[in-house]
Every structure is written in C-alpha cells, then in structure tokens.
There are 2 protein chains.
Amino acid sequence: MWIDEETDAQPRVPLSRRRVLRTAVAIADEAGVEALTMRRLASELGVEPMSLYHHVANKEAILDGLIEVIVGEILEAVGGLSGDDGWQAALRRRILAAREVLLRHRWAPAVFQTRKEIAAPLIAYYDGVLAILRSGGFSWDLAHHAIHALGSRAIGFAMELFQPDDAGSGDDDPEMMAMMAQQFPNIAGMMAAIVHDDPDTTLSWCDDQSEFEFGLDLLLEGLERRRSS
Amino acid sequence: MWIDEETDAQPRVPLSRRRVLRTAVAIADEAGVEALTMRRLASELGVEPMSLYHHVANKEAILDGLIEVIVGEILEAVGGLSGDDGWQAALRRRILAAREVLLRHRWAPAVFQTRKEIAAPLIAYYDGVLAILRSGGFSWDLAHHAIHALGSRAIGFAMELFQPDDAGSGDDDPEMMAMMAQQFPNIAGMMAAIVHDDPDTTLSWCDDQSEFEFGLDLLLEGLERRRSS
DNA sequence: ACCTGAACACCGTTCAAGT
DNA sequence: ACCTGAACACCGTTCAAGT
C-alpha cells in the first residue's frame, strides 16, 4: 500500500485536447495510423475510452487534430529560414524543411489525403509559399499554376507508386527473373543498369531524398522559365 | 409459387473471383471505398458474407484485386495509342489516357497508396513508360530518374492538398474574409486575382485537368532538357 | 465539469456444419 | 466443391449514471 500511495501521489495530469493529440501522434509514429483506435489511445492515457469524447468530438476530429499538430511542426521548422539567394533557393529550402517533418511522421500524407476539404492549418503554409513566389516576380496567375503543379510536393511529399528498387530484392528466384526479363524487357534493363551503376541501391532513404530533389528541381526550373518568358 | 419458380428459374450465375471484383469496383464507384464492406459486397451479390472467402483470401486480397482491375482498364485504354511525334507527345498521350480511367474511379489513387509493395500489375504499365523514354533516347539512369520524378503523375494522378478554388466558396462570411485577408494576404490576393480573371472558376473538372497538364508539361519539358544536354 | 460502465450497431473473420 | 449460420474479437459511439 506504500507503493500504491506513491503511485497515487503522482499528480494525475488532467486530460486535455492537447494531451490527447500529442499521444495520438506518438501512437501513429510508433505503430502507424491503423493502430490508432479510441480504445488504444484511451489506455495509453490511462483513461476510459469515453473520457476522450469530453475533449474531442469524435475520431474524425482527432484526425483533423493530427494534421493540425503536423502542420504546426512544419510551420515551426520553416519559420526560421532566411536568405536572399532568390525565390528558387528559398522555396527549395522551405519545401525540404517541410519534408524533414514529414519523414518523422510517415503516416501523415495518407491522413492528409483522407480529408475532403483542404486542411485549414495548411493555408498558413501556402501563404508563405505564395509570398516567396510573389517576391520572385510571379504573377498571381502563374503562382496559382505553380501551387497546383507542385501539389503535395509543396509540403515535401511525392506519391510514388513504383519503387523500382523494391523489385530488385525479389531476385531469389532466377526463373522468375528470366520470365520478367522477357515480359518486361525495359524494367529488367533498367534494373540491371541501376544495379550495375550502384550496387548499394538498397539504402533507400538517400535515394528517395535525391529523387525527390531531382523532381523538385525539374519543377522549379520549369517555373522559372515560365516566369521569365 | 409460380413467381418463386420463375425467380428460381433465372440461372443463378455462380460466384467467381471475377464477379466478386467487378461488383466490388461497382460499389466503390457508386458509394466510395469506405462503403465497400464484406457484408455489403455479399448482399449485393445475393450471397452470405462467408461465401466470398471461397473466392478471395480476405479483404486485403479484394483491395489488391481492385487495383488489378483498374490497371487492367488502364492498360486497355493505353494499348491502342500510337503516333511517331516524339517521346514527349507519346508519353503525354499515355498518361492522359490513364488519367481518364482514374477519373472514372476516383477512389483508386487512395487504394493504390495503401498497398505497401508496388502493385504488381503496374509493372506492365511502367514497362511501357520506359519503352517510350528509351525510344526517345533516354539513358537507363535518366529514365529511372524520370519515373521517380513523375511519381503518381505517371498514371495520371497528382495529389493536391490545396484546392485554392474551394476557399472561394466560403465567401458567405465577409468578416471572416476580411480576417483572412489580413492574416493570409497572399492567399487572399491570389483568390481575388483568380476570381477577377475568371468568374467561372467553379467548374473544377476542367480546371483540374488543365492544371494537371500544366504540371505534366513542366516535367516533360524539364526531362527533355536533361536528356538533350 | 469531468469521468465511467454497460450496451448497441457495426466491422472482418474462424469454425463447424450443411448440400 | 461450394455455400451457410452462429459466434468471436474487434471497432466507434450513445446513454444513463456516477463524482
């Protein structure tokens, strides 16, 4: 009972929206969004599931709150940036800083995509993007196109359907490889060439990062050409 | 009982994987993926939920099957294309044809994103993309970069987080508009300029389409410059 | 005002049984 | 071989009750 008393003695911090959202983010980070259930969230907080509903309307509101938290982190990461080396460099810096936040919360893009309306907190982020474009001499119209062209890349996320590097790991079965080479000669040729160039192609964070930057630079350069023409 | 007999007389088409997947696509098209439950799918097929498990392993397998069907439609749409007007035109045609299929199944990109490995049927599609790039003179390495740079745009889907046009519809509250103009001057400025240019900006399919093409052309042009340098 | 417990209407899925 | 019915372990959430 001495132990019980000591346990009780810990001042039980009261539940709050903020605390609910912060542990929700922690669960998603550690176990993925699919593991984020009201019951798990409650038990992680040492509380009954129904207690959560005093601080958030429902689970949808928690997902909205998750986005709020992540966009908050992005705005913070992006707040201290500076430099007068042109709009391309400035926007590139902003986007790569946002990307670093997203890499810490890999579930976030999927959650962003489930919201049907634009996530309100993102407006502040995009206002900053527009500020950079305008100071670089973009018309309102071209700035508008630019935002659409960047899409989710504007916050550092590019949806990749195809990880060519994945397929390389399935080389346990040489027979299947041969069949694939026949059916998909270009895929097979590309993979052979890539493996030849760089046998270490498995370290995929670096790869993803440089591929992201490649695509981003393509867009930024294209936009600059449109602007100056 | 006459009626009963007539009803029974309809040759009850037996369940099959193909029939399961086709009605699954129909449900997703009409009511969204979130409405696609085993129970709903079964009742739409006039069968008990458990009967489905004789033709598909589980719900995950159905989602994989959904992708298989959609990629099948894409490959069909893309199969008859031709023209010798250069790789840019050829790839543009292929991607826009794929996009038309996706616009008929708007839930599809979200399902693509839930699969952790690359959807196997997509390999055939990408092999065709690579064929176009190679015939246009791309090195394996640059073709590889190109595929990453295109990302989901390669099958006609660009993830948009921000629909600036949405925000315009919230103009019922002039006080909020004023507050927004103060807090987010660039967003407000852009929206004012866009509404001024084109009061009909609400017809958003056309807009989305032209914005998609704008971004796609930016990438294609950038890739051509990389190729020819 | 805040938290709880039991209950409800949904899920996907297992199991044993029917034809 | 194919389909069924009851049951189980999960969901999010409502409601009435506790402090």
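In what follows, every chain begins at residue 1, and chains take the letters A, B, ... in the order their sequences are listed. Everything numeric in this text was worked out from a predicted model, so none of it was measured.
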- Could you tell me the separation between the CG atom of L45(B) and the C1' atom of dC2(D), rounded to a whole number of Å? 15 Å
- Query: Between Y125(A) (side chain) and V78(A) (backbone), is there a donor-acceptor pair under 3.5 Å?
  - Reply: no
- Message: Quick one: does any side-chain atom of S16(A) pair with a main-chain N or O of R19(A) as donor and acceptor, under 3.5 Å?
- Response: yes
- If one requires at least 3 consecutive Watson-Crick or G-U pairs with distances under 3.5 Å, the stems of DNA chain D turn out to be C:4-8 with D:12-16, C:12-16 with D:4-8
- Task: For E48(B) and dC11(C), give me the distance from atom CD to atom P, rounded to whole Å.
- Result: 14 Å
- Task: Please list all pairs passing the side chain to side chain donor-acceptor pair (under 3.5 Å) test where one or both residues lie in residues 26-35 of chain B, with sequence neighbours left out.
- Result: D29(B)-H105(B), D29(B)-W107(B)
- Hey, what do you get for CG (N186(B)) to CD1 (I132(A)), rounding to the nearest 0.5 Å? 10.0 Å
- Would you please name every residue forming a salt bridge (charged side-chain N to carboxylate O under 4.0 Å, His left out) with E76(B), sequence neighbours left out? none
- Evaluate the side-chain proximity of V69(B) to R22(B): yes if any heavy-atom separation is below 4.5 Å, no if none is. no
- salt bridge (Lys or Arg N to Asp or Glu O under 4.0 Å): pairs with one or both residues in residues 54-69 of chain A, sequence neighbours excluded: R17(A)-E68(A), E60(A)-R115(A), D64(A)-R115(A)
- Any N or O donor-acceptor pair linking the side chain of H54(A) to the base of dC3(C) at under 3.5 Å? yes
- Answer yes or no: does a side-chain N or O of S51(A) lie under 4.0 Å from OP1 or OP2 of dC2(C)? no
For residues 41-53 of chain B, dump all side-chain donor-acceptor pairs below 3.5 Å to protein atoms at least two apart in sequence or in another chain.
residue: S43(B); atom: OG; partner: R40(B); partner atom: O; Å: 3.3
residue: E44(B); atom: OE1; partner: R40(B); partner atom: NE; Å: 3.4
residue: S51(B); atom: OG; partner: E48(B); partner atom: O; Å: 3.3

- Query: Rounded to the nearest Å, what distance is computed from the CZ atom of residue R17(B) to the P atom of nucleotide dC2(D)?
  - Reply: 15 Å
- Item | Base-contact (B) and sugar-phosphate-only (S) positions in nucleotides 12-19 of chain C, heavy-atom cut-off under 4.0 Å, - elsewhere | BBBB----
